[in-house]
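Comments concern the structure below.
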Amino acid sequence: MVIKVNESYWQKTAQKQVYPKINQNKKCDVVIIGGGLTGISLAYRLKDCGLKVIVLEEKEIGSQTSGHTTAKITFLHDLIYTYLNEYYSYHIAKKFFLSNKEAMNDIETIIEKEKIACDYYKNENVLYTFKKENVIKLKQEKELLESFGVKVKENVIKNALYSISIDNQAIFHPLKYLYALASLCRKDGIEIYENSQVKKVHRMKEEFLIDVNSYQVQCSDVVHATRYPFVYKGLYFMKVMAKREYVQYGICENQDRRSLLCVDKKSISQRPVGNGLLEIGKNEVKNPIRWFAMDSETLRLIPYIGKLSKKRNEYIAFGYRKWGMSLSHVASKIIYDDLLEKENKYKALYENHYCSLSLIKKQLPLFMKDIKKGMIDNHFPPSKKLKNNEGAVMKIDGELIAVYKDNHGKCHYMSPYCPHFKCIVQFNNKTKTWDCPCHGSTYDAYGKLINGPSLKNLNNK
């Protein structure tokens with residue numbers, strides 16, 4: 001039996017079709033790199049357009065960010081409207097709201113149209129705080145939402161200093177939904193390939209050649225629909241922070257049917273799942289299934305969605321700040337419209353040409369803290385005696401080595417340098433993984449790649 005690393009509740013409770021590995025050179029109109037919700041929902045939109053579309057997924061569809069989410073379908077994204085109003089403008093904040101509201105409606109429309117059984121359920125979404133300084137921000141969020149025409153309730157959490165809530169938000173099973181879309185795509189001629197890792201994109205005069213496994217795919221349009229872009233073009237590795245959260249699901253005696261989120265620094269999130277509870281930052285469930293979730297956050301807070309360059313039909317979509325259920329559909333609609341040369345009223349909002357300097361100044365120390373850890377601090381590891389099932393970066397004969405001691409006491413040696421940007425990895429005892437602090441690449445205890453942007457395993461020593 002194959003034991004899957006970091007398997008989520010969603011992966012354990014959804015049945016998927018097996019998609020083939022690419023086994024020959026291909027030619028098509030559009031290549032979508034990434035089989036998560038962004039890539040598959042874009043393929044779904046394109047399936048009746050007469051274009052030949054290929055989806056290339058490094059592992060299994062839905063197995064990375066989309067398969068490890070809390071799966072809240074909402075436009076209530078923490079304190080986003082307060083921040084957008086403060087650092088950009090009211091107009092930007094309202095457009096962001098409208099785009100996410102329309103995306104929520106899109107998801108519901110698709111579920112109803114295709115009769116997808118994905119445990120879709122409408123509920124109340126709550127934001128709350130225990131800190132005085134965040135009461136003002138939450139009240140600002142309430143005022144902005146009400147100015148957008150949203151009915152907001154106050155003080156719905158008894159032990160919080162302040163809270164607000166909105167009805168008619170939703171939750172669902174993200175993989176039941178994604179697998180259903182993928183199945184519809186396959187029936188309509190979309191080619192989906194799993195275990196097909198894209199290694200390089202060659203930009204020719206009027207087309208692209210994509211290296212995938214040991215083959216090449218030729219296309220006129222390419223879409224990077226991954227959590228973090230592996231291409232260096234655009235210097236996005238300097239504009240994006242990797243984010244990790246630890247999620248668990250289990251049975252809870254005092255289950256709340258609402259979706260709850262604390263806006264304080266320590267992330268606390270809860271939502272119902274069947275007869276149980278999915279949570280981050282709490283320990284109220286019994287016999288939990290645990291996993292970790294990865295996502296990316298842009299320094300400007302607004303995701304990057306659209307063309308990588310105005311001169312080429314190469315698109316990106318990432319930086320969802322853990323709100324990928326609605327934003328994946330915002331992205332797929334923007335890119336779909338652009339591919340078909342249609343107008344999209346939210347296109348300019350997500351393009352890569354603008355930012356807030358004051359916001360970048362605020363976010364930059366957080367970004368540089370992670371970079372400093374990988375580039376400088378981890379070069380000077382403390383001495384450590386390993387127990388079984390532990391790992392650490394050590395200096396051996398003047399050379400840095402990543403060492404993992406397995407359950408039998410055998411040591412496994414590998415390079416500590418992440419192949420993506422040569423940052424020094426660190427061992428995570430909670431997940432038994434090697435994590436790159438700079439850009440979020442993750443490797444299992446033996447150095448095998450789990451999550452990019454790295455494209456390679458850690459080298460053995």
Side-chain angles (χ1 to χ4, degrees), residues 36-38 40-42 44-45 65-66 69-111 120-127 137-138 140-152 164-172 174 177-178 225 227 243 259-261 263 269 271 295-298 300-306 316-338 343-351:
L37 272 170
T38 301
I40 296 300
S41 61
L42 175 58
Y44 171 81
R45 293 184 192 276
T65 303
S66 295
T69 174
T70 54
K72 296 176 183 176
I73 308 172
T74 179
F75 53 71
L76 205 60
H77 297 186
D78 202 331
L79 296 168
I80 188 62
Y81 304 112
T82 298
Y83 295 136
L84 294 181
N85 183 57
E86 178 182 355
Y87 291 104
Y88 294 96
S89 68
Y90 176 83
H91 174 71
I92 291 290
K94 186 172 183 180
K95 266 204 162 184
F96 190 90
F97 160 76
L98 290 171
S99 67
N100 281 275
K101 185 180 179 183
E102 286 189 20
M104 287 176 59
N105 293 335
D106 273 357
I107 294 170
E108 184 174 16
T109 300
I110 291 169
I111 290 169
Y120 180 78
Y121 171 79
K122 286 198 172 181
N123 72 342
E124 183 181 355
N125 209 297
V126 181
L127 299 181
K137 292 178 182 177
L138 259 182
Q140 289 173 338
E141 196 78 1
K142 173 182 176 288
E143 290 172 6
L144 284 165
L145 287 162
E146 287 177 334
S147 76
F148 301 157
V150 180
K151 185 178 179 180
V152 185
I164 63 173
S165 74
I166 297 173
D167 288 325
N168 293 315
Q169 307 300 284
I171 52 179
F172 70 162
Y177 175 75
L178 186 149
R227 173 186 65 83
K243 294 293 182 179
S259 293
L260 311 176
L261 178 67
V263 301
S269 176
R271 60 147 286 192
D295 206 349
S296 59
E297 178 178 324
T298 66
R300 69 175 192 172
L301 291 184
I302 300 171
Y304 288 107
I305 301 168
I316 54 173
F318 61 90
Y320 297 160
R321 294 183 63 245
K322 308 167 194 171
W323 300 105
M325 299 303 96
S326 59
L327 285 166
S328 61
H329 287 70
V330 171
S332 66
K333 184 63 166 63
I334 288 172
I335 297 171
Y336 166 83
D337 285 342
D338 206 73
E343 291 293 321
N344 186 293
K345 56 189 170 183
Y346 306 117
K347 176 182 173 180
L349 172 62
Y350 294 94
E351 284 179 334

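Residues: numbered from 1 along the sequence shown.
Note on Glu146 versus Lys142: salt bridge recorded, some NZ/NE/NH1/NH2 to OD/OE distance being below 4.0 Å.
In this structure Lys94 satisfies the salt bridge (Lys or Arg N to Asp or Glu O under 4.0 Å) test with no other residue, sequence neighbours excluded. With sequence neighbours excluded, the residues satisfying salt bridge (Lys or Arg N to Asp or Glu O under 4.0 Å) with Lys333 are Asp337. Phe172 meets the ring pair (Phe, Tyr, Trp, His ring centres under 6.0 Å) test with Tyr177; sequence neighbours excluded. Applying the side-chain contact (heavy atoms from CB on, under 4.5 Å) test to Glu124 and every residue at least two apart in sequence or in another chain returns Val126, Lys153, Val156, Ser165, Asp167, Arg258. In this view, Asp78 satisfies the side-chain hydrogen bond (donor to acceptor under 3.5 Å, both in side chains) rule with no residue, not counting sequence neighbours. The salt bridge (Lys or Arg N to Asp or Glu O under 4.0 Å) search around Lys72 returns none, not counting sequence neighbours. Residues passing the side-chain hydrogen bond (donor to acceptor under 3.5 Å, both in side chains) test with Ser147, sequence neighbours excluded: Tyr90. The side-chain hydrogen bond (donor to acceptor under 3.5 Å, both in side chains) check on Lys95 picks up nothing, with sequence neighbours excluded. Partners of Thr38 according to the side-chain contact (heavy atoms from CB on, under 4.5 Å) rule, which considers only residues two or more places apart in sequence or in another chain, are Ala225, Ala317, Tyr320, Ser328, Ala331. For Tyr87, the side-chain hydrogen bond (donor to acceptor under 3.5 Å, both in side chains) criterion is met by no residue, not counting sequence neighbours. With sequence neighbours left out, Phe75 forms a ring pair (Phe, Tyr, Trp, His ring centres under 6.0 Å) with Phe97.
Annotation for Ala103 and Val330: closest pair CB-CG2, 3.7 Å, computed over non-hydrogen atoms. The two residues Ile334 and Tyr350 come nearest to each other via the heavy atoms CD1-CD1, 3.6 Å. Minimum heavy-atom separation, Arg271 to Ala71: NH1-O, 3.2 Å.
The CG atom of Leu127 sits 8.0 Å away from the OG1 atom of Thr74 when rounded to the nearest 0.5 Å. With rounding to the nearest 0.5 Å, the separation of CD1 in Ile92 from CZ in Phe96 is 10.5 Å. One distance of note links CZ of Phe318 with OG1 of Thr298; it measures 8.0 Å at 0.5 Å rounding. Between atom CG of residue Leu261 and atom CG of residue Asn125 there is a gap of 8.0 Å, rounded to the nearest 0.5 Å. A distance of 8.0 Å separates CD of Gln169 from CG of Asn123, quoted to the nearest 0.5 Å. Considering CE of Met325 and CD1 of Ile107, their distance stands at 7.5 Å, rounded to 0.5 Å.
A donor-acceptor pair under 3.5 Å is absent between the side-chain atoms of Thr69 and the main chain of Ser66, judged by distance alone. Side-chain N or O atoms of Arg300 include one that pairs as donor or acceptor with a backbone N or O of Ile302 at under 3.5 Å. A distance-only check finds no donor-acceptor pair linking the side chain of Thr65 to the backbone of Asp295 [under 3.5 Å].
Annotation: side chain of Leu145 is in contact with side chain of Leu76 (closest heavy-atom distance under 4.5 Å). Side-chain contact check for Arg321 versus Ile80: some heavy-atom pair is nearer than 4.5 Å.
Screening residues 100-110 for side-chain hydrogen bond (donor to acceptor under 3.5 Å, both in side chains) gives Arg45-Asp106, Asn100-Ser326, Glu102-Lys345, Glu102-Tyr346, Glu108-Lys122 as the qualifying pairs, with residues at least two apart or on separate chains.
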Exercise. Where do Asp338 and Lys347 land on the side chain to side chain contact (heavy atoms under 4.5 Å, CB included) test, with the steps shown first?
Worked result: CA-CA 9 Å; Asp338 206 73; Lys347 176 182 173 180; 2.8 Å; yes

